[in-house]
Amino acid sequence: MQNILVCDDDKQIVEAIDIYLTGEGFHVIKAYDGFEALELLEDNEVDLMILDVMMPGLDGIRTTLKVRETSSIPIIILSAKSEDTDKILGLNIGADDYITKPFNPLELVARVKSQLRRYTQLGNMNQQPSGQVYKCGGLAINDDNKEVYVDGDLIKLTPIEYNILLLLVKNAGKVFSIDEIYEQIWNEEAIGADNTVAVHIRHIREKIEISPREPRYLKVVWGVGYKIEKQ
């Protein structure tokens with residue numbers, strides 16, 4: 001049974017999420033502020049976190065930052081429609097997905113399952129030291145180990161960032177539109193995907209590029225999309 005940590009200061013929302021996730025076979029761990037969530041994360045094996053953006057004490061953004069210091073588990077943030085800036089910021093600092101309140105509980109369950117599938121595919125990180133390696137200049141991806149290196153240095157990516165980078169590196173030189181990236185990585189129709197993809201691309205650049213403003217690898221083709229430059 002997989003453990004989902006749900007954190008929201010609105011107890012009714014937490015209880016509603018609990019009902020739907022429990023009905024799908026998940027075990028829900030409940031928290032009502034960021035500090036409590038971090039304590040529970042230390043004491044429990046957690047497979048995925050759902051965090052509200054606006055919470056007293058330690059909000060969802062700062063909680064995500066703290067989690068990302070030590071863990072790459074999937075994080076889905078919850079935000080109100082008026083908090084678009086916070087949604088983008090959340091993705092920028094390491095969240096994997098977001099869902100807007102009020103939300104359809106079935107959509108939330110589907111997103112949870114989708115993130116867990118991706119994270120599971122990235123499991124066994126240190127197994128199989130040899131295998132398929134994709135290289136582009138000083139950028140190398142060992143897809144058996146799910147490890148990314150830039151000039152020999154190991155780079156830590158979230159599952160979504162890894163999958164986007166792998167897609168682009170495996171097809172170096174090919175330009176992918178935002179919709180194409182979204183549909184291949186998220187496995188769903190791209191509706192309003194621009195911000196979601198853009199913030200993940202920006203985050204990847206910050207990790208693999210010496211100068212993100214003058215990228216060597218991950219290039220934008222204005223009006224078309226993104227590509228990994230052949231080296």
Side-chain angles (χ1 to χ4, degrees), residues 2-9 14 27-79 83 85-99 111-112 114-127 139-142 145-166 185 195-212 218:
Q2 292 173 299
N3 294 327
I4 312 298
L5 176 54
V6 179
C7 183
D8 194 310
D9 61 313
V14 174
H27 176 250
V28 174
I29 302 169
K30 304 172 188 176
Y32 304 102
D33 63 58
F35 292 114
E36 185 179 8
L38 293 175
E39 290 178 1
L40 289 169
L41 185 62
E42 286 188 3
D43 297 335
N44 296 272
E45 178 117 5
V46 175
D47 298 290
L48 180 143
M49 295 182 71
I50 299 173
L51 293 174
D52 183 35
V53 169
M54 298 297 291
M55 294 186 293
L58 192 67
D59 63 25
I61 300 299
R62 289 183 292 167
T63 302
T64 299
L65 278 170
K66 292 296 293 182
V67 173
R68 281 292 174 253
E69 290 177 3
T70 58
S71 175
S72 62
I73 63 169
I75 296 175
I76 299 174
I77 57 173
L78 304 177
S79 64
E83 298 161 2
T85 301
D86 287 332
K87 289 186 293 192
I88 295 171
L89 177 59
L91 292 174
N92 257 327
I93 53 88
D96 297 284
D97 201 357
Y98 68 83
I99 191 165
R111 288 178 181 267
V112 166
S114 177
Q115 290 297 330
L116 287 171
R117 281 196 300 271
R118 293 189 194 101
Y119 190 65
T120 300
Q121 290 168 1
L122 291 177
N124 304 316
M125 298 290 281
N126 295 317
Q127 296 180 6
L139 175 63
I141 300 179
N142 186 320
N145 289 354
K146 309 302 179 189
E147 291 177 341
V148 177
Y149 293 87
V150 177
D151 297 328
D153 293 328
L154 181 64
I155 305 299
K156 187 175 182 180
L157 300 179
T158 68
I160 290 290
E161 293 164 1
Y162 176 89
N163 286 335
I164 291 174
L165 184 60
L166 180 63
I185 301 303
N195 284 339
T196 301
V197 172
V199 293
H200 284 297
I201 291 289
R202 187 159 61 246
H203 209 194
I204 294 169
R205 272 182 170 165
E206 290 170 354
K207 294 180 178 182
I208 70 170
E209 302 285 1
I210 296 175
S211 175
L218 186 42

Who are the salt bridge (charged side-chain N to carboxylate O under 4.0 Å, His left out) partners of [X], not counting sequence neighbours?
X	value
D47	none
K66	E69
R111	D97, E107, E188
R202	none

For the atom pair [atom1] ([X]) and [atom2] ([Y]), what is the distance rounded to the nearest 0.5 Å?
X	Y	atom1	atom2	value
K30	I50	NZ	CD1	13.0 Å
R205	S211	CZ	OG	10.0 Å
I29	C7	CD1	SG	12.0 Å
E209	L218	CD	CG	6.5 Å
T64	I76	OG1	CD1	11.5 Å

Which atom of [X] lies closest to which atom of [Y], heavy atoms considered:
X	Y	answer
G34	T63	CA-OG1, 3.3 Å
V112	L48	O-CD1, 3.9 Å
G94	T158	O-CG2, 3.8 Å
D52	M54	OD2-O, 2.6 Å
I141	Y162	CG2-OH, 3.4 Å
L5	A31	CD1-CB, 4.1 Å

Check your understanding: For the side chain of N3 and the backbone of E45, is there at least one donor-acceptor N/O pair under 3.5 Å apart?
Key -> yes
Review point. What pairs with R68 under side-chain hydrogen bond (donor to acceptor under 3.5 Å, both in side chains), at least two apart in sequence or on another chain?
Key: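 Expected list: D96.
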Practice item. For N44, check side-chain hydrogen bond (donor to acceptor under 3.5 Å, both in side chains) against everything at least two apart and list the hits. Key: none
Exercise for review: Using the side-chain contact (heavy atoms from CB on, under 4.5 Å) rule, take L41 and T70 through it: C-alpha gap first, then chi angles, then the decisive distance, then the call.
Suggested key: CA-CA 11 Å; L41 185 62; T70 58; 5.7 Å; no
Exercise for review: Check whether any side-chain heavy atom of L165 lies under 4.5 Å from a side-chain heavy atom of L139, and answer yes or no.
Suggested key: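 Contact flag for L165/L139 side chains = yes.
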Review point. Is there side-chain contact between I160 and I185, with at least one heavy-atom pair below 4.5 Å?
Key: yes
**Study point:** By side-chain contact (heavy atoms from CB on, under 4.5 Å) - contacts of T196 (at least two apart)
**Key:**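 Applying side-chain contact (heavy atoms from CB on, under 4.5 Å) to T196 gives L91, Y98, Y182, W186, H200.
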Check your understanding: Pick from V53, V6, L51, D8: which one makes a side chain to side chain contact (heavy atoms under 4.5 Å, CB included) with L78?
Key ->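 Of the listed options, the one satisfying the test is D8.
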**Study point:** Sequence neighbours excluded - salt bridge (charged side-chain N to carboxylate O under 4.0 Å, His left out) pairs with any residue from residues 152-161
**Key:**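 Counting only pairs at least two positions apart or across chains, the salt bridge (charged side-chain N to carboxylate O under 4.0 Å, His left out) contacts touching residues 152-161 are E161-K207.
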Review point. Does the pair V14 and V28 meet the rule for a side-chain contact (heavy atoms from CB on, under 4.5 Å), with working shown?
Key: CA-CA 9 Å; V14 174; V28 174; 5.5 Å; no
Review point. Could you give all pairs that pass the side-chain hydrogen bond (donor to acceptor under 3.5 Å, both in side chains) test and reach residues 31-41, with sequence neighbours left out?
Key: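 Listed once each, the pairs would be none.
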